[in-house]
2 protein chains.
Amino acid sequence: MNLKQLSHMLSLSQTTVSRALNGYPEVSEETRRRVVDAAKRHGYRPNPSARRLATGKSGMIGYVLPTGASVDIDPHFVEFLSGLGDYARSHELDLVLSPADAGDEETTYRRIVANRQVDAVYLSAPRPADKRLALVNKLGIPFIVHGRSEGFDFDYPYLDIDNEGAFHEAGRLLVQLGHKRLALINGNDRETFAIHRERGMRRALATSGLMLGERHVCSLTMTEENGYRAARRLLEDSEPPTAIACSSLIMALGVVRAVRDLGLTIPGDLSLVAHDDVFPWLRPENFPVPLSTTRSSIRLAGARVAERLAARISGLEEGARGEVWPVDLVVRGSVAGAPA
Amino acid sequence: MNLKQLSHMLSLSQTTVSRALNGYPEVSEETRRRVVDAAKRHGYRPNPSARRLATGKSGMIGYVLPTGASVDIDPHFVEFLSGLGDYARSHELDLVLSPADAGDEETTYRRIVANRQVDAVYLSAPRPADKRLALVNKLGIPFIVHGRSEGFDFDYPYLDIDNEGAFHEAGRLLVQLGHKRLALINGNDRETFAIHRERGMRRALATSGLMLGERHVCSLTMTEENGYRAARRLLEDSEPPTAIACSSLIMALGVVRAVRDLGLTIPGDLSLVAHDDVFPWLRPENFPVPLSTTRSSIRLAGARVAERLAARISGLEEGARGEVWPVDLVVRGSVAGAPA
DNA sequence: TGAGCGTTCCAAAGCGCTTTGGCTGACTTG
DNA sequence: CAAGTCAGCCAAAGCGCTTTGGAACGCTCA
C-alpha cells in the first residue's frame with residue numbers, strides 16, 4: 001500500500017493525503033479524519049526511503065563506533081545503550097552504528113553527514129579539544145556530547161555527570177576520616193572525565209593542605225588487570241596510600257584482589273571508594289567488603305541523551321545547553337578511619 | 001556533486017555514468033576509466049537515499065535490540081559488536097539497532113523488513129523454537145543466527161560454538177579428576193546455549209555412570225550476584241558438589257566470593273571451570289586462583305557473522321549453512337583432584 | 001454585483017539514483 | 001552486398017514521497 005494507491009481509493013490527490021497525514025493545516029478536518037482513518041485501516045506506512053529522499057530526514061540517530069583489532073569497546077557502552085534504546089523505542093527511532101577506524105573517525109562523520117544518513121549524532125568519551133566535537137559542530141548536524149570537552153571557544157550541548165564534584169566528595173570523605181596518603185586509580189587521563197575526577201580529588205586534598213603525589217595517580221584503561229597492577233604498585237611502595245579512589249568497579253575488582261594478595265584488609269589497611277556506573281551484573285554492595293561508591297546510572301544518561309537528541313531533531317531543543325548531573329556518594333563498609 | 005552534474009561534465013548520459021561506476025559490462029573500458037577517474041577527482045559519492053529508493057538496498061545490517069526498563073543488555077553484546085564492527089568497517093557496512101519492546105520483537109522485525117531498512121539481520125541468544133527465527137525465515141530477509149535454535153522443521157544459517165562439546169570436555173576433565181558430585185551454574189536455560197551446555201555436562205557424567213542431580217543445576221541470568229547465590233546454595237547443601245562448571249566469568253566471580261565467604265578454598269575444596277567469552281577487561285588467568293575455562297572468542301564470532309552477512313547480501317553465500325566452532329579447554333589452577 | 005479573500009484541494013515538479021527498452025554505427029557473415 | 005550481430009551509448013520511466021504554485025469554490029463586503 002503506497003500513497004498513490006491510498007489516495008486513489010480515497011479519490012483524493014497524493015498531495016492532500018500526504019498533508020492530511022502529516023498534520024498540515026490546509027486540509028479540512030473532515031477530510032483529515034477520512035484519510036487518517038483509511039490509512040490506519042489499510043495499514044498504510046509511508047516508505048521511509050522515499051520520504052528520506054524527499055525530505056532528507058532519516059528518523060535515525062547515529063553513533064560513530066571506533067573499531068580495530070586492538071580497540072576494545074567500553075563495557076559501559078552496553079548500559080548506556082540500554083537507556084538510549086529504551087527511549088528510542090518509544091519514539092520509533094533507530095540507532096545507526098557506523099564503525100570507523102579508531103583514530104580516523106573524521107572520514108566516517110563526514111560520510112554520514114554528507115549522506116544524511118542520520119538526523120543527529122551523539123559523541124561519547126570526549127577528550128579536551130576533541131577533534132570530533134569540533135568537526136561535528138562545524139558540519140552542522142544536531143548532536144549531543146555524553147561527557148564534556150574542554151578548551152573550545154564555542155559552547156555545545158552536552159550531558160555529563162559531575163565527575164569533579166563526585167571525586168571531590170569522595171576525597172573529602174577520606175580526608176575527614178583522617179587519611180593523609182591518598183591515591184587515585186583513574187581511567188585514561190586523555191579523556192575529560194578522568195581529568196575532572198583527578199581535579200576533584202586534588203581540590204579535596206588541597207583544602208586540607210594535602211597533595212596527591214605524582215606516584216599516587218595512575219591512569220589506565222579500566223580493566224581488572226590494570227586495577228590490580230596499579231594497586232600492587234601503590235601498595236608495595238615505601239609510603240603506601242591508606243585510601244584509594246578508583247574510577248571503575250571493574251578496576252576495583254583488581255584492587256581488591258591486590259589487597260588480598262598482599263595480605264592486607266579493607267578497610268583496615270586500605271579504604272576504597274570507586275565510581276559506580278550501575279551495572280546490573282556487578283554491584284558494589286556485593287563486593288567482599290561492600291564498596292563505597294560515587295554512583296550515577298549511565299543507563300539513565302543514555303535515555304536522557306536519546307530524549308534530548310529527539311528534541312533537537314524536532315526543533316524543540318536548541319542552543320548549547322549543558323546539563324550536569326549530580327553524583328551520589330554512597331558510603332558502605334569499604335571506608336574507615338586511617339590506620340594509626 | 002550528483003550523477004546529473006557528473007554526467008553532464010563528462011558529456012555522457014546518467015545511464016552510462018551509473019553503469020560505468022557500478023561495473024556493468026555494457027560500457028567500454030576507456031569510458032569507464034574516464035568516468036571512474038572523474039568521479040574520484042570530484043569526490044562524487046552516490047546519494048544512498050536515492051540509491052536505496054531505486055534499488056531497495058540499504059547497505060546496512062540490522063539487529064533488533066530488546067529493551068525495556070527491566071531488560072538488561074548482555075555485556076557480551078559489546079564484545080560481539082567489536083568484532084562485527086571491525087569487519088563491517090572494512091566494508092562500509094553500517095549496523096542499525098532497532099530497539100523493540102522485549103517480548104514483542106515481531107512488530108519491529110516486520111517493520112524493518114517491510115521498510116527495507118536493512119539488507120540483512122542477525123539474531124542472537126536464540127531459544128528452542130524461537131519465534132523470531134521462524135518469523136525472519138518467513139519474511140525472507142537474509143539473516144544469520146548467532147547461536148542455534150532447536151525444534152524447527154527447516155534449516156537456517158547460523159554460527160555457533162560447540163557448547164555441548166565444551167561442557168562435555170569440562171565435565172570429563174572433572175570426572176577424570178575423581179569428582180563425583182558435580183554442579184552446573186548455568187545461564188538462562190530457556191536459551192539454547194544453556195541447554196547444550198547442560199546436555200554436554202550430563203553426557204560426560206553419564207559416561208562414568210554419574211548423574212547431575214536436580215538440585216545441582218542452577219539456571220540464572222549471568223550476574224555476579226546470581227553466581228554467588230547459586231554457589232552458596234550448592235555449597236551449603238548437605239552434599240555439596242566438589243566441582244562446579246559455570247557458564248560465565250562474571251558468575252564465576254560470585255562463585256569465588258561464595259567459596260571465600262564459606263572459608264573454603266579453590267581447588268582444595270572445590271574445582272571450578274567456567275566458560276570464557278574472552279573479555280578484555282576480565283581475564284580468567286587473573287582470578288585469585290587462575291581459572292580453568294572453556295574458551296571461545298565472542299569477538300571473532302562477531303566478525304565472522306558480519307562476514308557471512310556480507311556474503312549473503314551479495315549473494316556469495318546461500319542456503320542454510322550451519323557453522324559450529326570448537327571450543328578450547330584451557331586448564332589452569334582452579335581444578336584439582338576431588339578431595340578425599 | 002463584482003472585486004477580494006480564505007479555504008480546500010490538485011497537478012506536476014522535484015529528490016538522485018537504477019534500469020528498461022531502444023537506437024546507432026561498426027563489424028561479421030553467408 | 002544485404003542482413004544480422006553486437007558493443008556502446010542514450011532517453012525516459014520508474015522508485016514513493018514532499019512541496020511548489022496554482023485553481024476552484026464559496027464568502028464577505030463595499
Side-chain angles (χ1 to χ4, degrees), chain A residues 1-36 38-39 42-60 92 111-119 313-315, chain B residues 1-36 38-39 42-60 92 111-119 313-315:
Chain A
M1 170 68 49
N2 58 24
L3 227 210
K4 193 169 179 179
Q5 294 164 13
L6 182 64
S7 59
H8 193 253
M9 64 190 342
L10 283 166
S11 301
L12 284 171
S13 73
Q14 297 190 34
T15 311
T16 304
V17 176
S18 170
R19 289 190 153 144
L21 293 173
N22 293 318
Y24 282 73
E26 54 267 87
V27 58
S28 73
E29 268 318 309
E30 194 202 318
T31 308
R32 187 189 307 280
R33 246 192 300 278
R34 261 182 69 217
V35 170
V36 169
H42 294 86
Y44 167 74
R45 308 267 295 170
N47 176 317
S49 303
R51 167 175 280 179
R52 165 188 303 206
L53 180 60
T55 63
K57 301 260 158 195
S58 68
M60 313 209 228
E92 281 212 3
R111 171 171 66 85
I112 65 179
V113 170
N115 289 347
R116 298 174 156 280
Q117 286 191 285
V118 295
D119 297 341
I313 290 173
S314 57
Chain B
M1 171 67 51
N2 59 22
L3 227 210
K4 194 169 179 178
Q5 294 164 13
L6 183 63
S7 59
H8 193 252
M9 63 190 345
L10 283 165
S11 300
L12 285 171
S13 73
Q14 296 191 37
T15 309
T16 304
V17 175
S18 170
R19 289 191 154 144
L21 292 174
N22 292 318
Y24 281 75
E26 54 267 87
V27 56
S28 73
E29 269 317 310
E30 192 203 317
T31 307
R32 187 189 306 281
R33 247 192 299 279
R34 261 182 70 216
V35 171
V36 169
H42 294 86
Y44 166 75
R45 307 267 295 171
N47 176 318
S49 303
R51 166 175 281 179
R52 164 187 305 205
L53 181 60
T55 64
K57 300 260 158 195
S58 67
M60 313 210 238
E92 280 213 4
R111 171 172 65 86
I112 66 179
V113 170
N115 290 348
R116 298 176 156 279
Q117 288 190 284
V118 296
D119 296 340
I313 290 173
S314 57

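Residue numbering restarts at 1 for every chain, and letters A, B, ... go by the order of the sequence lines. Heavy atoms only: backbone and side chains are in, while hydrogens, waters and symmetry mates are out.
Taking for each of B/Pro25 and A/Ala54 the nucleotide of DNA chain D with the nearest heavy atom, the 5'-most of the two is the partner of B/Pro25. Position along DNA chain D of the nearest nucleotide to B/Leu53 versus B/Glu29 favours B/Glu29 as the more 5'-ward residue. Of the two residues contacting DNA chain C, namely B/Pro46 and B/Glu26, the nearest-nucleotide position lying further toward the 5' end is that of B/Pro46.
Side-chain N/O atoms of A/Thr31 include one lying less than 4.0 angstrom from OP1 or OP2 on C/dC9. Under 4.0 angstrom from either OP1 or OP2 of D/dT18 there lies at least one side-chain N or O belonging to A/Asn22. Here B/Ser28 does not reach the OP1 or OP2 of D/dA7: none of its side-chain N or O atoms lies under 4.0 Å away. Between A/Tyr44 and D/dG16 there is no side-chain N or O to OP1 or OP2 distance below 4.0 Å. OP1 or OP2 of D/dT19 has at least one side-chain nitrogen or oxygen of A/Tyr24 nearer than 4.0 Å. Listed pair A/Thr16 / C/dC9 fails the phosphate criterion, with no side-chain N or O lying under 4.0 Å from OP1 or OP2.
Of the candidates D/dT18, C/dC17, D/dG16, the closest approach to any side-chain atom of B/Asn2 belongs to C/dC17. For A/Asn47, taking side-chain heavy atoms from C-beta onward, the closest of the listed nucleotides C/dT20, D/dG16, C/dC17 is D/dG16.
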- Verdict with supporting geometry, A/Ser18 and A/Thr15, side chain to side chain donor-acceptor pair (under 3.5 Å): CA-CA 5 Å; A/Ser18 170; A/Thr15 311; over 6 Å; no

- Could you give me the CA-CA distance, side-chain angles and deciding distance for A/Met60 and A/Asp119, then say whether side-chain contact (heavy atoms from CB on, under 4.5 Å) is met? CA-CA 6 Å; A/Met60 313 209 228; A/Asp119 297 341; over 6 Å; no

- Query: Between B/Ser28 and B/Thr31, is a side chain to side chain donor-acceptor pair (under 3.5 Å) present by the stated rule, with each step listed?
  - Reply: CA-CA 5 Å; B/Ser28 73; B/Thr31 307; 2.7 Å; yes

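Within 4.0 Å of A/Ser11, counting heavy atoms only, lie sugar-phosphate atoms of the nucleic acid but no base atom.
Rounding to the nearest 0.5 Å gives a distance of 5.0 Å between CZ of A/Arg51 and CG of A/Asn22.
Between A/Leu6 atom CG and C/dC10 atom P there is a gap of 13 Å when expressed in whole angstrom units. Taking atom CZ of A/Arg19 as the reference point, atom P of C/dC10 lies 11 Å away to the nearest angstrom. Taking atom NZ on A/Lys4 and atom P on D/dA13, their separation rounds to 13 Å, with Å as the unit. In this structure, CZ of A/Arg32 is placed 14 Å from P of C/dT7, rounded to the nearest angstrom. Rounded to whole Å, the distance from CD on A/Gln14 to C1' on C/dG14 is 13 Å. Rounded to whole Å, atom P of C/dC17 lies 22 Å from atom CZ of A/Arg51. Straight-line distance from the CG atom of A/Leu10 to the P atom of C/dC10: 10 Å, rounded to whole Å. Between A/Arg116 atom CZ and C/dC15 atom C1' the separation is 11 Å, expressed in whole Å.
What you find for B/Ser58 and B/Arg52 is that their closest heavy atoms are CB-NH2, 3.3 Å.
Taking the side chain as every heavy atom from C-beta outward, A/Gln5 and A/Asn2 approach each other to under 4.5 Å.
In the interface, the side chain of B/Thr15 is paired with the base of C/dT19 through a donor and an acceptor atom under 3.5 Å apart.
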